[in-house]
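Reviewing the structure listed below.
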Amino acid sequence: MSCSAPAYITTPIYYVNDRPHIGHAYTTTLCDVWARAMRFDGRDVFFLTGTDEHGAKVEKSAKERGITPQALADENSAEFRKVLTTFGLTNNDFIRTTEPRHEEQVKLFVQRLIASGDIYLGEFEGWYDEGQEEYVTDTRAKELEFKSPISGKPLVRAKEHNYYFKLSGYQAKLEAFFAANPGFVRPAGRFNEVLGRMRDGLQDVPVTRTNFSWGIGMPGASEHVIYVWIDALFNYATALGLGDTRGALATERAKYWPPQYHVIGKEILWFHAVIWPALLMALELPTPKCVYAHSFWISNGQKMSKSLGNFIDLATIESYIAKYGLDAWRWYMITQGPLGATDADFSPKHFHEIYTANLVNTFANCASRTSAMIEKYFGGVMPDVDTAEVAISATEGAPTWSAFTHAACAKTLQQYADFELAEAADTALSIVRAVDASINETQPFKLAKDPAKMAEVARILAACAEGVRVAAVLLTPIMPAKCAEVLAAYGSSLDLQDARTNARWGGLKGGTRIAKCAPFMRVEAPTVVASA
RNA sequence: GCCGAUGUAGCUCAGCUGGUUUAGAGCGCUGGAUUCAUAACCCGGAGGUCGGUGGUUCGAGUCCACCCAUCGGCACCA
């Protein structure tokens with residue numbers, strides 16, 4: 001059902017100590033497709049991404065390069081922003097944790113949590129590596145046999161004051177919340193992991209550190225720096241101005257809260273699924289509707305790692321885009337990505353097979369054969385025939401074209417809304433398959449040899465052309481440029497805020513000029529390189 | 001170590017609460033047919049003891065036990 005309700009979707013903010021790679025591109029592309037699809041269905045969408053710029057690692061990397069942490073952050077944040085442009089991603093804002101608007105609001109949030117008693121000053125004691133100036137967890141200390149992995153010197157017991165968030169106080173509330181919202185964490189397998197860990201009981205978590213300074217100072221105790229993850233989580237709220245409800249930002253954007261989807265990678269699930277809702281409960285703010293934790297891409301069957309040097313980095317991604325096109329890249333991300341609980345393998349061979357099978361042989365070929373026949377038999381002009389009540393097949397019980405595509409449209413949009421993006425792609429493509437099946441069944445190219453049967457040919461091809469058009473409409477959120485190309489060839493335009501009207505049967509009027517089109521061309525298969 | 005999964009054709013996976021088949025789909029491979037189309041679309045074929053062993057049952061990929069293998073999570077890692 002179409003509605004204009006505001007909707008909010010976020011990516012994690014990306015850590016500026018990393019270089020952009022397929023993981024970042026994937027998460028952002030998922031959000032982009034959803035955002036485009038929901039806008040297309042008339043919703044008022046706010047799509048947020050950004051960079052996380054504080055923390056000891058950034059401080060350390062900057063020091064090694066002899067520049068300030070801010071300079072390093074500026075440089076790498078710009079790199080992430082460049083990706084958005086390269087990929088044509090449609091985020092509504094890009095937040096940086098070093099921006100004043102963010103820092104100010106985080107302090108306000110933390111002050112509220114201190115006032116409510118949810119953040120308190122406590123003492124932390126643990127195993128400390130004096131050479132590395134860092135604490136190691138108890139389990140890690142045991143693994144290291146209580147010796148520094150670098151210097152070999154014994155770890156020491158050390159204490160320091162830290163501010164803590166009273167997570168333990170939210171055990172019951174979170175359990176009730178999870179029970180009432182079985183779709184809060186997706187996919188379901190991930191939710192089970194969270195519930196399993198909940199059974200071990202929640203402990204309070206430190207929210208500040210004192211062993212580095214690159215971060216937001218604790219209000220009233222600036223020797224304490226707000227720990228990066230709490231700083232980072234708040235970006236979702238500060239981007240909408242929720243820290244200062246009377247501010248200009250909030251006036252304009254508060255309507256988007258709470259988020260419909262926080263799309264994240266599985267490695268940061270705990271923060272988003274447990275700590276984040278608890279923080280929001282403490283602040284008496286509504287909790288997100290869903291945290292979607294996708295899995296990882298692996299590369300040619302192997303985990304991506306620095307030591308293997310097999311990261312699918314920006315340069316690699318750009319080489320695919322150069323060869324296959326941006327929309328083909330998006331298609332592969334969306335239909336083959338690790339949205340489920342298991343990792344997905346990225347390989348040149350697989351990419352090529354998917355491209356050829358789905359885009360060249362199915363979508364493009366159908367658009368091509370249909371437009372070619374209209375060119376050949378009707379001089380490139382859409383026949384003026386009402387095909388709404390024509391059945392898609394002579395098979396008993398086959399639906400009419402208008403009913404079939406109406407159902408496919410509703411299903412596709414529902415799947416987009418539910419973040420079943422690969423399923424949405426398949427449903428939309430099923431219209432193309434139906435057109436192909438119809439051509440094979442009726443064989444208009446044979447009927448056309450008999451002048452007496454041209455009315456029948458007209459009826460068949462008018463339905464095919466309209467089917468191609470509707471499929472292109474529904475695939476637009478995934479492949480905006482290529483679908484626009486097909487629609488243009490089919491003499492159609494698009495209202496990007498009204499998918500349902502655009503997808504309605506009969507949009508392609510008789511007399512419309514239809515040009516031959518071939519949106520995805522066959523490309524040479526990648527050469528297989530034997531791996532060592 | 002603890003907790004949780006998964007293991008079905010070359011690959012990715014469907015197979016809900018046990019008995020519709022001689023276990024399915026897509027892709028890949030292969031034979032054929034065809035030309036409207038980008039050697040595409042269409043039809044056919046190969047083929048898997050449903051991880052292993054032992055049970056429960058008239059009957060088990062489908063339930064139970066054990067074993068093997070793989071994977072994920074295990075709090076300050078964005």
Side-chain angles (χ1 to χ4, degrees), chain A residues 11-18 23-24 27 51-55 57 97 124 126 134-140 142-143 162 164-165 167 188-190 192-197 199-209 227-233 235 264-272 274-275 293 295-296 301 303 336 340-345 347 349-350 353-354 356-377 426 432-433 435-448 457 460-461 464 516-523:
Chain A
T11 73
I13 47 176
Y14 303 119
Y15 202 48
V16 291
N17 214 40
D18 294 333
H24 304 108
T27 311
T51 43
D52 181 17
E53 312 190 358
H54 290 129
K57 282 188 187 171
T97 55
F124 174 80
E134 64 184 16
Y135 285 91
V136 299
T137 62
D138 287 355
T139 36
R140 176 84 178 133
K142 201 175 289 177
E143 274 173 31
N162 264 330
Y164 282 84
F165 171 60
L167 184 62
R190 295 276 167 232
N192 287 334
E193 289 177 6
V194 170
L195 297 176
R197 272 182 70 181
R199 283 192 282 276
D200 296 337
L202 296 173
Q203 293 169 27
D204 292 351
V205 289
V207 297
T208 62
R209 295 299 289 271
Y227 209 72
V228 282
W229 55 259
I230 192 169
D231 173 1
L233 282 170
N235 92 85
I264 61 170
K266 62 186 178 183
E267 82 283 9
I268 52 175
L269 178 58
W270 184 251
F271 300 104
H272 285 80
V274 176
I275 298 173
S295 302
F296 295 148
K303 212 168 205 172
Q336 308 299 314
T342 50
D343 294 346
D345 191 26
S347 78
K349 183 167 177 280
H350 190 226
E353 284 173 1
I354 293 297
T356 304
N358 294 344
L359 300 181
V360 177
N361 293 352
T362 304
F363 183 49
N365 184 58
C366 184
S368 171
R369 70 195 301 205
T370 300
S371 59
M373 281 191 277
I374 287 177
E375 175 68 39
K376 188 168 179 178
Y377 306 133
D426 189 64
V432 174
R433 295 198 184 95
V435 170
D436 264 337
S438 161
I439 294 174
N440 293 329
E441 182 184 293
T442 58
Q443 303 195 302
F445 43 88
K446 282 191 178 163
L447 299 177
V457 174
I460 293 165
L461 292 182
C464 290
K516 266 208 76 171
C517 87
F520 291 100
M521 296 312 289
R522 198 164 293 282
V523 302

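Just so it is clear: chains get the letters A, B, ... in the order the sequence lines come, proteins before strands, and each one is counted from 1.
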Rounded distance [0.5 Å steps], CZ in Phe165(A) versus CD1 in Ile230(A): 7.5 Å
What is the distance, rounded to the nearest whole Å, between atom [atom1] of [X] and atom [atom2] of [N]?
{"X": "Arg197(A)", "N": "C77(B)", "atom1": "CZ", "atom2": "P", "result": "13 Å"}
{"X": "Leu233(A)", "N": "A75(B)", "atom1": "CG", "atom2": "C1'", "result": "13 Å"}
{"X": "Asp343(A)", "N": "C71(B)", "atom1": "CG", "atom2": "C1'", "result": "9 Å"}
{"X": "Asp231(A)", "N": "C76(B)", "atom1": "CG", "atom2": "P", "result": "18 Å"}

Quick one: do Lys349(A) and Glu353(A) satisfy salt bridge (charged side-chain N to carboxylate O under 4.0 Å, His left out)? Show the steps, please. CA-CA 6 Å; Lys349(A) 183 167 177 280; Glu353(A) 284 173 1; 3.1 Å; yes
For C16(B), the Watson-Crick or wobble partner whose two distances fall under 3.5 Å: none
Within the 4.0 Å limit for protein heavy atoms, which parts of nucleotides 1-10 of chain B are touched? Write it as a string from 5' to 3', B for base, S for sugar-phosphate only, - for none. ----------
Scoring nucleotides 27-37 of chain B by protein non-hydrogen atoms under 4.0 Å (B base, S sugar-phosphate only, - none) yields S--------BB
Euclidean distance for [atom1], [N] against [M] (whole angstrom):
{"N": "A33(B)", "M": "C13(B)", "atom1": "C1'", "value": "30 Å"}
{"N": "A60(B)", "M": "G55(B)", "atom1": "C1'", "value": "12 Å"}
{"N": "G24(B)", "M": "C16(B)", "atom1": "P", "value": "15 Å"}

Side-chain contact, heavy-atom cut-off 4.5 Å: Asp345(A) with His350(A)?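 In short, these two side chains do not touch, never coming nearer than 4.5 Å.
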Within the 4.5 Å heavy-atom criterion, are Glu267(A) and Phe296(A) side-chain neighbours or not? yes
Nearest heavy-atom approach of Ala293(A) to Leu269(A) is CB-CD1, 3.9 Å
Name the nucleic acid region contacted by Gln203(A), choosing base, sugar-phosphate or nothing; use a 4.0 angstrom heavy-atom cut-off, strictly under. base
Donor-acceptor pair, Ser295(A) side chain versus Ala341(A) backbone, under 3.5 Å? yes
Apply the syn/anti split at 90° from 0 to G7(B) and say which one it is.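 Base orientation relative to the sugar is anti.
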